[in-house]
Amino acid sequence: MIVGVLGAGQLARMLALAGRPLGLDFAFLSPDPDSCAAALGRHICADFDDEAALARLAADAAVVTYEFENAPLAGARRLGERVTLLPPAPALAAAQDRLEEKRLFRALGVETPTFVPVDDPARLADAAGRTGYPAVLKTRRMGYDGKGQAIVRDEADLEPAWTRLGGAPSILEAFVPYEREVSIVAVRARDGRTAFYPLCENTHRDGILRLSVARPDDPMEAAAQAGARRLLEALDYVGVLALEFFQVGGRLLANEFAPRVHNSGHWTIEGAECSQFENHLRAIMGWPLGATDPIGWAAMVNFIGTLPAAAEVLALPHVHFHDYGKAPRPGRKLGHATVRADSAEDVARIVPELLRLASS
Ligand code: AMP
């Protein structure tokens with residue numbers, strides 16, 4: 001059976017690496033001829049809104065999924081008319097628009113930072129009156145990895161930030177002095193069964209995830225799961241979803257969700273009984289979910305812009321290296337390493353070594 005994937009980057013590649021042992025084959029649609037998933041299936045090299053290419057992707061696929069939330073909605077909806085598209089299109093629509101996403105959180109009783117929609121620069125000062133300073137201006141669309149956002153420290157920053165972001169419809173959001181960023185990766189099956197991986201503690205650099213540490217039995221886990229469950233049920237979701245929060249005191253404020261497998265879940269490949277990639281496939285195929293239990297302790301470090309030599313990474317104990325096969329470019333995720341060990345102390349000892357390799 002063939003799984004069609006919109007996108008052919010590292011998430012698509014890791015989906016295929018998890019799916020091939022289950023007897024699944026893959027077809028990927030992406031416009032980049034050098035897509036790193038291409039070696040693992042059939043690559044349809046075309047734009048995401050290319051009608052003929054979408055028809056080819058749908059023709060052979062048992063189900064179609066996507067690896068990034070900025071897949072054009074119209075194309076995804078047309079695909080959904082021909083073939084089962086999972087996660088469902090409304091999840092994609094909500095995740096593509098920061099305003100709709102945050103309104104959905106609020107409607108579900110999931111707390112968020114204070115935010116105000118801004119379509120007109122003349123409204124910026126008013127909006128800042130409600131958020132206070134500092135604040136973060138974020139474009140409603142096409143924001144990821146810190147792109148499409150600017151910090152606003154005082155009134156003088158408002159207009160330049162608006163111009164820098166291209167004058168696009170945006171939200172102004174209160175800057176949250178958070179203690180930590182956490183995410184919960186969840187999976188929901190076609191029959192509604194739901195499972196959660198342990199909460200993850202995430203550290204970003206320049207808006208890009210650098211380090212994720214799995215925290216089994218974290219005190220905030222139940223609150224994070226409750227928020228994710230409401231989202232999964234409201235969207236009648238099928239597949240893996242990640243929900244990211246800022247923690248302030250004992251409160252979690254939802255920042256965003258990803259309707260797909262997520263970078264903060266890469267550690268599950270070695271660190272959980274069934275990885276997020278396999279579970280996403282099990283869910284969309286209508287198969288039983290695998291156990292999300294952690295195997296010991298784990299953390300993951302991203303390699304961004306440059307990739308250390310495999311031999312250097314693999315010289316560290318308990319470490320697993322993933323090279324996505326992508327050409328180096330500043331700010332590009334080229335690979336990651338997971339450390340999985342039987343004690344949290346062992347993991348904590350090795351993480352600084354990995355971070356050192358990641359920044360050398
Ligand atoms: P995003 O693209 O919304 O995930 O933002 C990328 C990163 O910017 C987040 O992971 C945070 O580290 C930071 N960030 C975004 N929004 C806020 C906020 N309202 N307050 C503080 N930091 C933020």
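Side-chain atoms are counted along with the backbone in the values below, which use heavy atoms only and exclude waters and symmetry mates. Note that the coordinates shown come from a computational prediction; the quantities given were computed from them, not determined experimentally. All residue numbers refer to positions in the sequence shown, counting from 1. Order of listing sets the numbers, starting from 1, for every ligand and every atom in it.
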As an exercise, identify every atom of ligand 1 less than 4.0 angstrom from a heavy atom of [X].
| X | result |
| --- | --- |
| His204 | 10 (O) |
| Glu181 | 9 (C), 10 (O), 11 (C), 12 (O) |
| Asn255 | 1 (P), 3 (O), 4 (O) |

Can you tell me if Arg98 has a non-hydrogen atom under 4.0 Å from ligand 1?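 Under 4.0 Å: yes for Arg98.
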
May I ask whether Ala174 has any heavy atom positioned less than 4.0 angstrom from an atom of ligand 1?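 Distance cut 4.0 Å: Ala174 passes for ligand 1.
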
Counting heavy atoms only, name the option from Glu244, Gln149, Glu101, Lys138 that's nearest to atom 13 (C) of ligand 1.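 Considering heavy atoms of Glu244, Gln149, Glu101, Lys138, the nearest to atom 13 (C) of ligand 1 sits in Gln149.
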
Look only at interatomic distance and state if Pro113 has a nitrogen or oxygen under 3.5 Å from any nitrogen or oxygen of ligand 1.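 No - when backbone and side-chain N and O of Pro113 are compared with those of ligand 1, no distance drops under 3.5 Å.
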
Say whether Ser30 and Ser35, considering side chains only, have a donor N or O and an acceptor N or O under 3.5 Å apart.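 Ser35 and Ser30 do have a side-chain donor-acceptor pair below 3.5 Å.
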
Given 3.5 Å as the limit, does a donor-acceptor pair link the side chain of Asn302 with the main chain of Ile304, or not?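 Checking the backbone N and O of Ile304 against the side chain of Asn302, no donor-acceptor pair under 3.5 Å is found.
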
Sub-6.0 Å ring centroid separation between His266 and Phe277: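 When the ring centroids of His266 and Phe277 are compared, they turn out to be within the sub-6.0 Å range.
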
If you look only at pairs with a residue in residues 43-68, which of them pass as a ring pair (Phe, Tyr, Trp, His ring centres under 6.0 Å), with sequence neighbours excluded?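 Counting only pairs at least two positions apart or across chains, the ring pair (Phe, Tyr, Trp, His ring centres under 6.0 Å) contacts touching residues 43-68 are Phe48-Phe68.
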
Residue pair Glu270, His322: steps toward the side-chain hydrogen bond (donor to acceptor under 3.5 Å, both in side chains) verdict: CA-CA 11 Å; Glu270 294 89 7; His322 296 254; 2.8 Å; yes

In Å and rounded to the nearest 0.5 Å, what is the CZ to NZ distance from Arg210 to Lys333?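 So the gap between those two atoms works out to 11.0 Å.
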
